[in-house]
2 protein chains.
Amino acid sequence: MNIATVAERSGLPAKTIRYYEDIGLIRPARRDNGYRDFAEADLHKLAFLGRARSLGFSIEECRMLLALWEDRSRASADVKALAQKHLDAIDAKIVELQGMRDTLASLVHHCAGDHRPDCPILSDLAGEG
Amino acid sequence: MNIATVAERSGLPAKTIRYYEDIGLIRPARRDNGYRDFAEADLHKLAFLGRARSLGFSIEECRMLLALWEDRSRASADVKALAQKHLDAIDAKIVELQGMRDTLASLVHHCAGDHRPDCPILSDLAGEG
DNA sequence: CTTGACCTTCCAGTTACTGGAGACCCTATC
DNA sequence: GATAGGGTCTCCAGTAACTGGAAGGTCAAG
């Protein structure tokens, strides 16, 4: 399979696939002409990576997940621990964003948004009041 | 004021303050010895930036907010529009993260997390089922 | 005069790609 | 055989917003 085919089937851009090879996540075979020659197994790995990335796992976490996936003797506890840690990070991020949103929403709500210069948003950022 | 004082009073690391000067957000005076000499106005700007950044505004948005703040004749509508746009972006991000969290939480919930290799998290990432 | 804390600049690294340049390869058509 | 068009290759640079560290100048105290 050429890279364009794999890109389409995995949903990842060709650029990203080359990048993933660069950082050692995949090792597609090569043809005599230098073109990458992807096997079904490579495609599966890429799809796996795409899904893990879409769940917000970092590349390094994906590397670990991939290793666990390929390790027939892994303990599911290891996977769960990794996922739970990531879940906690996501929750923390959500809380952080909600804090921002609440503050910002309140500021936006109190801003007249007209032609006059008075603006509670700027006043707040300036530390007034 | 030396940079360490401003760093402490603004809550921003000295490194960050130098960076902000680098990208033109502030222009502190210089002493003969080359040291930066911050005025109260610089400190206020930095505190403003710190608050705007903590609300998740990007550096370029901060640059615009700063310009609006310093423009006595600005219309509050301009500020509100900027803030509203950012608020929408935050909301979108929250929704995205909540989607991730829900999926991930469900996977984690169904994973035994024991010594056995069977793991629904990996199965899902692998596209099985 | 030396020590130690500050200050300076500049360079490199971080995350996960993305865009683009220049060049090679393959297939089809004329 | 020449050419046109895609597809592919590698490599370099840039993104956001810092952060760490090296090498070296400055300042106040003892």
Rounding to an integer number of Å, can you tell me how far [X] [atom1] sits from [N] [atom2]?
| X | N | atom1 | atom2 | result |
| --- | --- | --- | --- | --- |
| His86(B) | dA16(D) | NE2 | P | 15 Å |
| Phe57(A) | dT15(C) | CZ | P | 17 Å |
| Asp37(A) | dG7(D) | CG | C1' | 15 Å |
| Asp32(A) | dC9(D) | CG | P | 14 Å |
| Asn2(B) | dA5(C) | CG | C1' | 12 Å |
| Ile3(B) | dC7(C) | CD1 | P | 7 Å |

So which atom in [X] and which in [Y] form the shortest heavy-atom distance, rounded to 0.1 Å?
| X | Y | result |
| --- | --- | --- |
| Leu49(B) | Cys62(B) | CD2-CB, 3.7 Å |
| Ala105(B) | Leu87(A) | CA-CD2, 3.8 Å |
| Val108(A) | Ile121(A) | CA-CD1, 4.1 Å |

Distance check: side-chain N/O of [X] vs OP1/OP2 of [N], anything under 4.0 Å?
| X | N | value |
| --- | --- | --- |
| Asn33(A) | dC9(D) | no |
| Arg30(A) | dT10(D) | yes |
| Arg31(B) | dC27(D) | no |
| Arg36(B) | dC7(C) | no |

Practice task
Kindly point out which of dT8(D), dC25(C), dC7(C) is positioned nearest to the side chain of Ala4(A)?
Solution key: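 That would be dT8(D).
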Completion exercise
Of dT9(C), dA16(C), dT8(D), the nucleotide closest to the side chain of Ile59(A) is dA16(C)
Exercise for the section: Under 4.0 Å from any atom of DNA chain D, heavy atoms only: list the residues of residues 91-99 of chain B that qualify, in numerical order. Expected result: none
Practice task
List in numerical order all residues of residues 10-24 of chain B for which some heavy atom is under 4.0 Å away from an atom belonging to DNA chain D.
Solution key: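 Listed by number, they are Pro13(B), Lys15(B), Thr16(B), Tyr19(B), Tyr20(B).
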For residues [X] and [Y], determine if any side-chain heavy atom of one lies less than 4.5 Å from a side-chain heavy atom of the other.
| X | Y | value |
| --- | --- | --- |
| Leu12(A) | Arg53(A) | no |
| Arg101(B) | His86(A) | no |
| Leu25(A) | Leu46(A) | no |

Completion exercise
Sequence neighbours excluded, the answer for side chain to side chain contact (heavy atoms under 4.5 Å, CB included) partners of Arg36(A) is Ile3(A), Arg18(A), Glu21(A), Pro28(A), Arg30(A), Phe38(A)
Problem - Along DNA chain D (nearest heavy atom to each residue), the more 5'-positioned of Tyr35(B) and Glu60(B) - result: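 Mapping each residue to its closest nucleotide by heavy atoms, the 5'-most match is Glu60(B).
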Handout entry: Donor + acceptor pair across side chains of Asp102(A), Gln98(A) (<3.5 Å)
Key =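 No - no donor-acceptor pair under 3.5 Å links their side chains.
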Exercise for the section: Would you tell me whether Ser76(A) and Asp114(B) have side-chain atoms, one donor and one acceptor, within less than 3.5 Å of each other? Expected result: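 There is such a pair between these side chains.
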